[in-house]
Amino acid sequence: MALIRYIPLRYKFWAVNGLAFISTLVLVLVAMGLELRSINDTRQEQGRELLRLWSGAQPLTLSGPLRPILLDDDDPAPWVQQLLAAAQADSTWLDASVAAPGGDTPALGTWVSRDEPGEGRAVIVQAMGYAEVFAKRAPVYAAAVFFLMLAILFGSQALIRFVDRHQRKLQTMAHYDVLTGLPNRLLAHDRLQHALEKIRRRGGYLAVLFIDLDRFKTLNDSHGHSFGDEVLKAVTRRLQVRCRSEDTLARLGGDEFLLILEQLGSAERAEQVANELLELFREALILPDGREVFVGASIGIAVHPGDGLTGDELVRNADAAMYLAKTRGRNGWCRYEPWLTEQAMERFELERNLRRAVERQEFRLHYQPLTTLDGRPFGVEALLRWRSSEHGDVPPDRFIGMAEETGMIVQIGNWVMQEACRQAQTWRKAGIDLQVMAVNLSPIQFLHADVVQQVAQTLRQTGLPARCLELEITEGALMQDTDHAEQALLALRELGVHVVIDDFGTGYSSLAYLRRFALDKLKVDRTFLQGLPDSASDAQLVRTIMQLGQGLGLQVLVEGVETEAQRAWLAAEGCRWCQGFLFARPMSATALAAWWPTDPPTQAIPDWQPQPA
Ligand SMILES: Nc1nc2c(ncn2[C@@H]2O[C@@H]3COP(=O)(O)O[C@H]4[C@@H](O)[C@H](n5cnc6c(=O)[nH]c(N)nc65)O[C@@H]4COP(=O)(O)O[C@H]3[C@H]2O)c(=O)[nH]1
């Protein structure tokens, strides 16, 4: 059956028509046979009727297929005697085996009866042959055959075209991505096999580029799937610009694309192409409704033969290299290196276990105090810890990114918020003067449509006053979708929750958004503290950020304070709030309750929480 797909259309057409012609001929012959029988049956009936009417009258002078004959007992002809012998008072049919002279046309049989002794009557019925039937009906048959063939000709053509179109459509669906029209995983695999066979014969290089869009999931979650679809189509158009006719650009699924570069002069050429592709992403994508979106991409490169011999190996290795590009800060490319295979396996294992970590209750929260510069705590930051039964303690840097990529961060993040708020309320009820519970919110969570609802629900369920909850978000989360960010920040402010810009200085550090958004606090990233107080440039940087924040009326907290010298320098610069190992490391809930000072009383803590205007 599958073979039929590969037969060219014209052969299918002639095969169907040949078959139709033979069927028509058979049909004509059958029709002729049926007509022949019907004519002969009618003749027989007529013969019998004639014999009945004729009885007692003189022989009719008839010619044609019915021949009445008066039989004389005295006639010595054997056929007459034979008929008389068979004749009875009632009419009897004798078939052609009883001979009767019939001229040229053979007899079908004879109706015979005997009325009186010595006399008999017979009607000889002559048979009709095919030739006769055909001669009689030729014009009708010819017209029927003609019209039937015509109908078959056009009908079969239409049918074949319909079937062919349908098959082609099915084939397209099986091999092409419906959204972008690009070859899908299956066809990409076929083409890669083909390309590899060619390269094995002719030599040269072939490269597989695994392209994954950065933070596409966030876009999709915040703007909806139809927006995501438009982005994917726009990305496809952009990438196609760079493809040569011999290259294959395929969509593997989601936001993953594969570019197969054939006939490369050198392995380095693939790296140049990756640079060119990244260059394409620097400009905003224009969607059909005129909206502009910036989307970055991470690219992994595997080149045949060095980075893999089979298609599967090349794709797998390019994927591993892409992941490396992601961990190195995204929007870049990486070439495959052998150690990545091992890392990819580990990552796969880790991801598998991360999926089960929530239900296995492997997550814990640790809390790091937020303090004044003289060490008096006023709040804590909740920091997620994962003690995996298989991998032991896994640091957040290793699994948060993975949880974001897989979307698991939403579930995990909601758990963190719930648990942190519950714990804060427990402490507050136990008499610990905790003014702030700071919770990290991943960009994916922040850009999720129901983030405000989720926060409100958590506060309702745990009973923690909104002013005690502080959400730490990164600059990137704000910049990805500024409209959503603006609305979410306003809604959170209305709830009474505070939002802090975390890791300030490491991302966009845009003054425009500091003014535009409903923000009131920022945290200076700990990396800037490392060079303090010796590095003049770091000192200048921290000073500038603090002045900038204060100038804009924001509360500034400096994180990563590790040494007494750093604290002294910050004090001299007018810093009031900080967080760092110098004061306390992240610790379990029990340890924190024991650590929290009861004396001196913490009521005198300066106003970290700004008063509502
Ligand atoms: N060297 C040094 N480090 C200090 C010092 N003081 C604090 N730190 C570390 O700085 C990190 C502060 O959290 P972050 O900047 O939000 O950075 C966090 C945050 O981005 C992320 N993370 C942690 N928990 C969560 C969570 O529940 N949700 C989300 N989305 N991200 C989280 O993982 C990052 C790393 O967390 P941790 O490993 O717990 O690392 C913590 C903390 O242990 C210091 O004086 N010196």
Side-chain angles (χ1 to χ4, degrees), residues 215 217-218 327 329 354 357-358 362-371 373 375 377 379-387 393-424 436-448 451 454-455 458 469-477 499-507 521-532 538 542 557-567 569-570 575 577-589 591-592:
R215 305 202 195 281
K217 197 168 171 7
T218 319
T327 52
L354 186 61
V358 175
E362 292 178 345
F363 289 122
R364 295 274 176 280
L365 286 185
H366 274 192
Y367 302 89
Q368 186 179 24
L370 308 173
T371 66
L373 209 58
V380 291
E381 177 181 1
L383 293 162
L384 185 59
R385 297 290 177 257
W386 176 25
R387 176 159 290 179
D393 286 334
V394 187
D397 294 346
R398 265 192 81 198
F399 71 85
I400 295 278
M402 180 179 283
E404 286 177 341
E405 275 160 37
T406 53
M408 283 184 274
I409 193 69
V410 176
Q411 189 195 2
I412 297 172
N414 287 342
W415 177 85
V416 170
M417 192 150 49
Q418 183 81 26
E419 176 58 16
C421 291
R422 188 200 60 74
Q423 183 61 69
V436 173
M437 171 56 79
V439 174
N440 285 286
L441 213 60
S442 143
I444 299 207
Q445 270 178 289
F446 180 67
L447 291 171
H448 213 267
V451 60
Q454 190 65 42
V455 172
T458 309
L469 178 63
E470 204 159 85
L471 299 174
E472 296 193 1
I473 56 172
T474 54
E475 299 171 65
V499 178
V500 185
I501 297 296
D502 201 4
D503 306 338
F504 187 80
T506 55
K521 300 171 185 187
L522 63 83
K523 267 181 141 183
V524 181
D525 190 62
R526 65 177 188 270
T527 49
F528 299 121
L529 269 275
Q530 281 162 8
L532 283 187
D538 278 0
V542 175
L557 184 145
V558 178
E559 63 180 12
V561 184
E562 291 184 355
T563 63
E564 191 54 50
Q566 286 171 344
R567 192 179 72 87
W569 185 88
L570 287 168
C575 170
W577 299 285
C578 58
Q579 173 183 359
F581 292 171
L582 177 66
F583 307 102
R585 287 180 175 260
M587 56 191 109
S588 69
L592 188 108

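Just the heavy atoms: all of them, side chains too, but no hydrogens, waters or symmetry mates, feed the values below. First listed ligand is number 1; within each ligand, the first listed atom is number 1.
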Does ligand 1 have any atom sitting under 4.0 Å from a heavy atom of Lys523? no
Please could you name the atoms of ligand 1 that Val561 approaches to less than 4.0 Å, counting only its heavy atoms? 45 (O)
Counting only heavy atoms closer than 4.0 Å, does ligand 1 sit against the backbone of Val416, its side chain, both, or neither? side chain
Indicate yes or no: at least one non-hydrogen side-chain atom of Ile400 is less than 4.5 angstrom from one of Leu384. yes
Below 4.0 Å, non-hydrogen atoms only: which portion of Glu559 touches ligand 1? Side chain, backbone, both or neither. side chain
Student check: side-chain heavy atoms of Leu469 and Val439 closer than 4.5 Å: yes
Which heavy atom of Gln579 sits nearest a heavy atom of Lys523, and at what distance? OE1-NZ, 2.8 Å
Sub-4.0 Å heavy-atom contact, Gly413 with ligand 1: no
Glu381 touching ligand 1 at heavy-atom level, < 4.0 angstrom: yes
Parallel, tilted or perpendicular for Phe363 and Trp415, by the 30°/60° rule? tilted
Ligand 1 atoms nearer than 4.0 angstrom to some heavy atom of Ser442 are 30 (N)
Are any of the side-chain heavy atoms of Arg385 and Pro396 separated by less than 4.5 Å? yes
